[in-house]
Amino acid sequence: MTAVVEMRDITMAFGTNQVLKGIDLDLEPGKVTALLGANGAGKSTLIKVLSGVHNNYGGTVLIDGAAVHLDHPTTAQSYGIEAVHQKIADGVVPGLSVAENFLFEDIVNNRISRTASMRSILPRSKEVASILSLDWPDDVMRSDIFELPIADQQLLLLARSLVHEPRLLILDEPTSALSDSEAQRLFTVIRRLRDEGVAILYVSHRLQEIDAIGDRLIVLRDGVIRSDHPQPFDWADALHQMLGEAEATSDDDRGEQRGTDDVLCLSGVQLLDESVPFDISFRSGEVAGVFGLLGSGGSELALGMFGADPFVGGEMTLNRKPFAPKAPADAIAQDVYMVPEDRVAGTIIKNWSIAHTSTFPFLRDVSRFAVMNWRAEDKVGSSVIDEFDVVAQSPHDPVISLSGGNQQKVVVGRWLRMNPTVMILNEPFQGVDVGARRDLANKAREVAAAGSAVIVMSTDLGEIMQVSDRVIVLADGDLRHDAYLSETSREEILSKLTEVE
Amino acid sequence: MSKNEQATDAQLPEAKHHIDFRNLVVRYGFIAVTVFFFVFFYATIPAFRLSTTMLSMLKFTSVVAIAGLGVTITMVVGGLDLSVGSIAGMSVTVAAMTMVIYGQQGSVAIVAVLIAGALIGAFNAFLIVILKIPDLLATLATMFLVQGLKLIPVEGQSVSSGLILRDGSVAPGKFTEGFLQINRGTIGAVSYPVIIFAVLTLATWFFLSRTKWGRIMYAIGSNPEAARLAGARVGRYKALAYMISGVFAAIAGLILSSRIGQGDISAGSSLLLDAVAVALVGTSVLGANKPNALGTALGAILIGILLTGTTMMNFPFYWQDVVKGLVLLVALILSYTLSDKKQRHVEAVPT
């Protein structure tokens, strides 16, 4: 079968950062090609090249064997390439009715008057809806778009992109906002389109979904296609290719620390709306690594234990006493600390110095009757710089002037230096260079050795295996695996990810 | 300003090499403009040179400045209090009712006004923190409510001594001499309103830049989520800010009331815009690019100088708003167009 779209040696760089390093991929009609890759593998960049968003890519795209240049989204559309992006809210137009949303493109292009009556546009909007056999009654078509269930909004966007009878349909994480049953509805539609001969490029982090809907699986890592699998997929190999080799660490001979005291105990904790409640205990004196792909519930676990965002359900005890923090301040008062996933949005205060940032959670220690003692504050800033090897001139340097790794050392260091009872680090190595990553991992291990319960969340198995004594695997909010590193293996951990109870 | 504060506001290391003209303008432009006009008026208007001119300028500026300090605190936590004008206006009516209709002492009136201001601040906090209404909209609603509600007990009338009450009797009280002293009294040559203005400016400055509470408030205004995740009780600090703002507006209202000497129902109607303007102007002083107490006070004084000067040069009254508008515009250009602090933040965001 001849491919609809052929990519030949596609490259794409942002400054010095080479994101796509020569992609060769044929997309065939009547096939769902699933694309899998960790964060930063280059998936979104590849999609954007195909949908005409990045016009300065290298290499050639052939459509029906003829070379074309995709320099604009409308060019891509004219060649029959349609993309439905991840965020539904970016696609639907608030303030318009369902019917108007179906016809939004016509309205923008003035093919339909902005003031056209609902009655006059209903027939045409129903035509668009009928592409997906969406037989919605008139009152639904007349209602505001936000009264429509989220899954139906997703179907509406899909129908709208099918008006031009695309030859290649790109779906980027289309189920991320959908429940299981809603996703099933979407799959029925995708299978139908496939059988009608549309080429589909399906991007997702949900392995079960890919297994169910994909005809072919492409694994992308660091801008290169690592493997290409036909059905049935060899998941062990695919995950291995996606996540990379275990990184050779300089401290492979580090001893395993096993904790003895259960410090923070969770019982019946439910992370996601449709996930299974579980019990787990975190122990002092060890680093527990929580591994899971995007959307597996790791962030929910971190935020719940810190009182920042309540669990769907469940209870906790801290040192055998009930622990129910209603706000981060309550958790901090009991020496339970967390470094959030998103450093810029979650920790950085614009224009603040290293000293200000370091002392912020513990201002009581650097003030007397609430009056700030700036000398004491500078001392704390200097000690964070010294203890965590932050590359900076002085504690007065603005944190945002530091590199990502040094910023992270400051925002992790400000908590680690306070002898936490429980220290939660959510994705502490994101945007952090290798050297800083090793320093931070060593510090986390030191703090655990000194008696803290340290919990590290990551979507990168290499990082987890580098820093942890114990590995906990989450998938779709469920607890899949919990074992000491010496008693499990990379293969076992990966097999737990794809396992379906 | 201490070593520490300067360091926070200093340029990034890589930018240090070219401290350019633009930077000088952003940092000292506002002060230069103030000094320029002061010298200009001093040189051209003989009456401007009298020390009494300066003191009376400061005196009439104090009301706007004090209300502006309250607005400044709400701006620090990332909000904006639009109800300060109507709180000050209500204070005038409450003071008049307490003394004229209920025949109470001036001290009782003062306490009543301050409590009323704090309560309205608490109501704003309730709308914003508990009911989650955006700051601007919540305080806009409060503004209308307070403006209207204050007229109900006085049936839409201004309250002055000799007022005929509904039962036909004459209101028993009057503005007490003590209460009128708030505006008239002096220590040496300096009148009480100027002293209150100076004390509140220093107190607000100390609170915002020297205490941990001020530190936390700035953090909340800059990145509320980061503040929350570092353990700040965001709601409580926002509530505190709006209550302080309410009390400051009430103090401004007390001075206004003592100046007018009767419960004028239209008092304070122009105060809101002036107070917000001086707080906004204050953000550009010394290139701070954040709301701050000294900036607000200086902003109020600059506008005071300009109004005094232009009035003395016989500009018609309607030039006053043009002057205020121009000052605000210059300040906004300093903060938004010329300052590189915003840019810097975006550049530093790692990708």
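Side chain of A:Ser358 to main chain of A:Gly381: no donor-acceptor pair is present (N/O by atom type, distance under 3.5 Å, no hydrogens or angles). Judged purely by atom type and a 3.5 angstrom limit, A:Asn406 uses its side chain to pair as donor or acceptor with the backbone of A:Val391.
Looking at A:Ser367, only its side chain comes within 4.5 Å of chain B, counting heavy atoms on both sides. Only the side chain of B:Arg233 comes within less than 4.5 Å of a heavy atom of chain A; its backbone N, CA, C and O stay farther away. Neither the backbone nor the side chain of A:Ser394 comes within contact range of chain B, judged by heavy atoms closer than 4.5 Å. Heavy atoms closer than 4.5 Å to chain A are found nowhere in B:Phe207, neither backbone nor side chain.
With hydrogens and angles left out, the side-chain atoms of A:Asn426 and A:Ser299 include a donor and acceptor closer than 3.5 Å. Side chains of B:Thr72 and B:Thr296: a donor on one and an acceptor on the other come within 3.5 Å. There is no side-chain donor-acceptor pair under 3.5 Å between A:Tyr57 and A:Asn55.
Counting heavy-atom pairs closer than 4.5 Å to chain B, the top-ranked of the candidates A:Val399, A:Leu363, A:Val339 is A:Leu363. With chain B as partner, the option from A:Asn373, A:Asp330, A:Val366, A:Ile354 having the largest number of non-hydrogen pairs under 4.5 angstrom is A:Asp330. In terms of heavy-atom pairs under 4.5 angstrom with chain B, the leader among A:Pro395, A:Ala327, A:Ala345, A:Ser403 is A:Ala345. Taking chain B as the reference chain and counting heavy-atom pairs below 4.5 Å, the highest number among A:Pro361, A:Pro340, A:Ala370 is found for A:Ala370.
Between A:Phe306 and A:Trp415, the two ring planes are perpendicular [angle over 60°; tilted spans 30° to 60°].
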